[in-house]
Amino acid sequence: MLKQDFVRVIKRRFHLPKPSETWRNAPKEKAECVVIGAGIVGLAVARELSLKGKEVLVLDSAPTFGTATSSRNSEVIHAGIYYPSNSLKARFCVRGRKLLYHYCSQRGIPHNQIGKLIVATGTSEIPKLNQLFNHGIQNGVENLRMLDASEAIKMEPELHCVKALLSPASGILDSHSLMLSLVGEAETNGATFSYNTAVIGGHLEGNQMVLHVCETKTLTNWDGNTPLQPDLLLMPKIVVNSSGLSAPTLAKRFHGLNTAIIPPAYYARGSYFVLSNANSTRHPPFKHLIYPVPEEGGLGVHVTLDLDGQLKFGPDVEWIPYVPDTTNFLNKYSFLFPFQFFLCWFGCNTLCFFLLRFHVLIAHHLEELYWVLASEMVSKNSIDLVAWLWFHALRFDYSVSADRVARFYPEIRKYYPNLKDGSLIPGYAGIRPKLHGPGQSACDFVIQGEDIHGVGGLVNLFGIESPGLTSSMAIAEYVAALLLGG
């Protein structure tokens, strides 16, 4: 009864429009190919399609390319060890690694094939290390070798382990230089980039997806009281949804698409800390990438060097309970509860005090509240009250809490026992777009074309987390073949 009353009050208060009223008067434009998202995968797809002679338009809500996951990762070229045989992750990682090294060498993009040691720090981890070795062999990773402790420590004197897996094919690169090169090559081949441009939904006309597009500032400044009008209805022949963190959310707003096939979205925040020792850049304690055996949700807090020799540790895994639609589109996040919203809405200081006192308890039910509202109120082709409420409730925040360092020291000291207290300083954080939650089995990449959803010219890319950077050019090949044949 309370749920029904609450929904009825919201409907009456905000006069939600009928779905058709939010977009039918917007101007229309045609396009050949639209790539949604200017992250590393979207850029690789845009380049690949432009090389095939297609006229490509890339849309991104950010002011430039690669502002989210693509610029907030370890910048590692993975070999292809971790992933089950014949999975998309295994296939694309191995193929993508070869394409990436070749592309970087041809284009002068800074990179270094420094190799990786995956280490078992206790005998209980050795079976997992053997499993990784077998995965790598099955996936076609070259020159893998198991090392005993003495061999590994001879390579890395600061290392502690009982056994290690050497992957000479692993490396590092400058991801910004890579993305800049992809943008330049795509533009040379006729691609156009439109930043500060948000795709907020779409609908089917016949078997063609029509995209609902608005300026980012329109979405940012929206008050939630008036219907949000798309500035433009874009009618492309080809649509690639490569919007990363927001890909599942956006796909659910494609009115007419079967939402049952869209996988659930989960988000894992990962923080990095940097070694602060003044000598660490000139004389870093490690020359190779050092990885523990994988943990739930990630590859463990590992050692990465950048091309300047700076050592960083991370990422850890911090599961985010829920991320709202508008936050996804605008790439913003923080744990802020909208007390001001409720104060203005209800005009009740007592309620605000109640929320402040019991906000932790309420937070556990926020996702349930969202879906109650969404199921009864949300038009499937526009941003509306619920998204607005959530936008003010949660925004992306990529700052690193210094308090998290307490979790890093014991994990790092398992393989680097000489790490000194106070030597880690906050670095940066990223959020990984996952298709599985805590306690669930890891998922493969999900790439859905017409054979899955029945919509011609549409490809959705879901869960493109690690090894997405390494796999980017192989994913682009695959998407192009899916859309154009060959």
Side-chain angles (χ1 to χ4, degrees), residues 69-79 81-82 104 109-121 147 149 152-161 164-178 269-295 298-318 398-430 432 466-467 469-470:
T69 308
S70 298
S71 60
R72 297 177 173 277
N73 57 72
S74 299
E75 294 189 298
V76 167
I77 301 175
H78 290 287
I81 296 169
Y82 298 98
C104 289
I109 296 167
H111 68 288
N112 193 355
Q113 190 173 331
I114 60 176
K116 176 196 294 185
L117 288 170
I118 306 174
V119 299
T121 57
L147 307 178
I153 293 170
K154 186 176 180 179
M155 293 177 63
E156 294 287 4
E158 291 288 338
L159 182 65
H160 166 75
C161 69
L165 172 57
L166 174 63
S167 170
S170 303
I172 55 176
L173 84 165
D174 181 342
S175 60
H176 183 80
S177 294
L178 172 62
R269 175 185 171 90
S271 297
Y272 292 82
F273 283 81
V274 176
L275 191 63
S276 64
N277 190 319
N279 293 321
S280 64
T281 301
R282 293 194 302 270
H283 304 288
F286 299 106
K287 297 179 180 179
H288 300 79
L289 302 168
I290 308 295
Y291 278 59
V293 296
E295 63 179 3
L299 300 181
V301 175
H302 50 260
V303 176
T304 304
L305 291 103
D306 64 24
L307 291 161
D308 294 323
Q310 177 66 65
L311 211 69
K312 55 191 175 186
F313 298 90
D316 60 351
V317 177
E318 179 187 359
Y398 288 112
S399 63
V400 178
S401 171
D403 295 340
R404 296 197 69 79
V405 76
R407 306 184 182 193
F408 275 65
Y409 281 105
E411 293 301 312
I412 297 169
R413 283 173 176 151
K414 291 177 182 178
Y415 55 81
Y416 180 26
N418 291 332
L419 178 66
K420 296 179 181 179
D421 288 336
S423 60
L424 298 180
I425 58 175
Y428 60 94
R432 287 159 277 186
S466 181
L469 172 60
T470 307

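Every heavy atom of this structure was used, including side-chain atoms; hydrogens, water molecules and symmetry mates were not.
Scanning for salt bridge (charged side-chain N to carboxylate O under 4.0 Å, His left out) contacts around Arg413 gives Asp421, with sequence neighbours left out. Annotation: side-chain contact (heavy atoms from CB on, under 4.5 Å) contacts of Pro168 (sequence neighbours excluded): Asn143, Leu166. Listed by chain and number, the residues in a ring-ring contact (aromatic ring centres under 6.0 Å, His included) with His302 are Tyr291 (sequence neighbours excluded). Listed by chain and residue number, nothing satisfies the ring-ring contact (aromatic ring centres under 6.0 Å, His included) test with His160 (two or more places apart in sequence, or in another chain). The side-chain hydrogen bond (donor to acceptor under 3.5 Å, both in side chains) search around Asp174 returns Ser177, not counting sequence neighbours. A search for ring-ring contact (aromatic ring centres under 6.0 Å, His included) contacts involving Tyr428 returns Tyr272, not counting sequence neighbours. The ring-ring contact (aromatic ring centres under 6.0 Å, His included) search around Tyr409 returns none, not counting sequence neighbours. For the side-chain hydrogen bond (donor to acceptor under 3.5 Å, both in side chains) test, residues two or more places apart in sequence or in another chain that qualify with Thr121 are Glu125. For Glu158, the side-chain hydrogen bond (donor to acceptor under 3.5 Å, both in side chains) partners are Asn418, not counting sequence neighbours. With sequence neighbours excluded, the residues satisfying salt bridge (charged side-chain N to carboxylate O under 4.0 Å, His left out) with Glu411 are Lys414. With sequence neighbours excluded, no residue forms a side-chain hydrogen bond (donor to acceptor under 3.5 Å, both in side chains) with Ser401. Evaluation of the salt bridge (charged side-chain N to carboxylate O under 4.0 Å, His left out) rule for Arg72 yields no partner, not counting sequence neighbours.
Contact check for Leu275 versus Leu424: side-chain heavy atoms found under the 4.5 Å cut-off. Counting only heavy atoms from C-beta outward, the side chains of Tyr415 and Leu117 never approach each other to under 4.5 Å. Side-chain contact between Glu75 and Lys312: present, with at least one pair of heavy atoms (C-beta onward) separated by less than 4.5 Å.
Side-chain atoms of Asp316 come within 3.5 Å of backbone atoms of Ser271 as a donor-acceptor pair (strictly under, hydrogens ignored). Thr470 contributes a side-chain N or O that, together with a main-chain N or O of His78, makes up a donor-acceptor pair within less than 3.5 Å. Side-chain N or O atoms of Asp306 include one that pairs as donor or acceptor with a backbone N or O of Asp308 at under 3.5 Å.
Residue Ser170 holds its OG atom at 11.0 Å from CD1 of Ile172, rounded to the nearest 0.5 Å.
In this structure, Phe408 has its ring center under 6.0 Å from that of Phe273.
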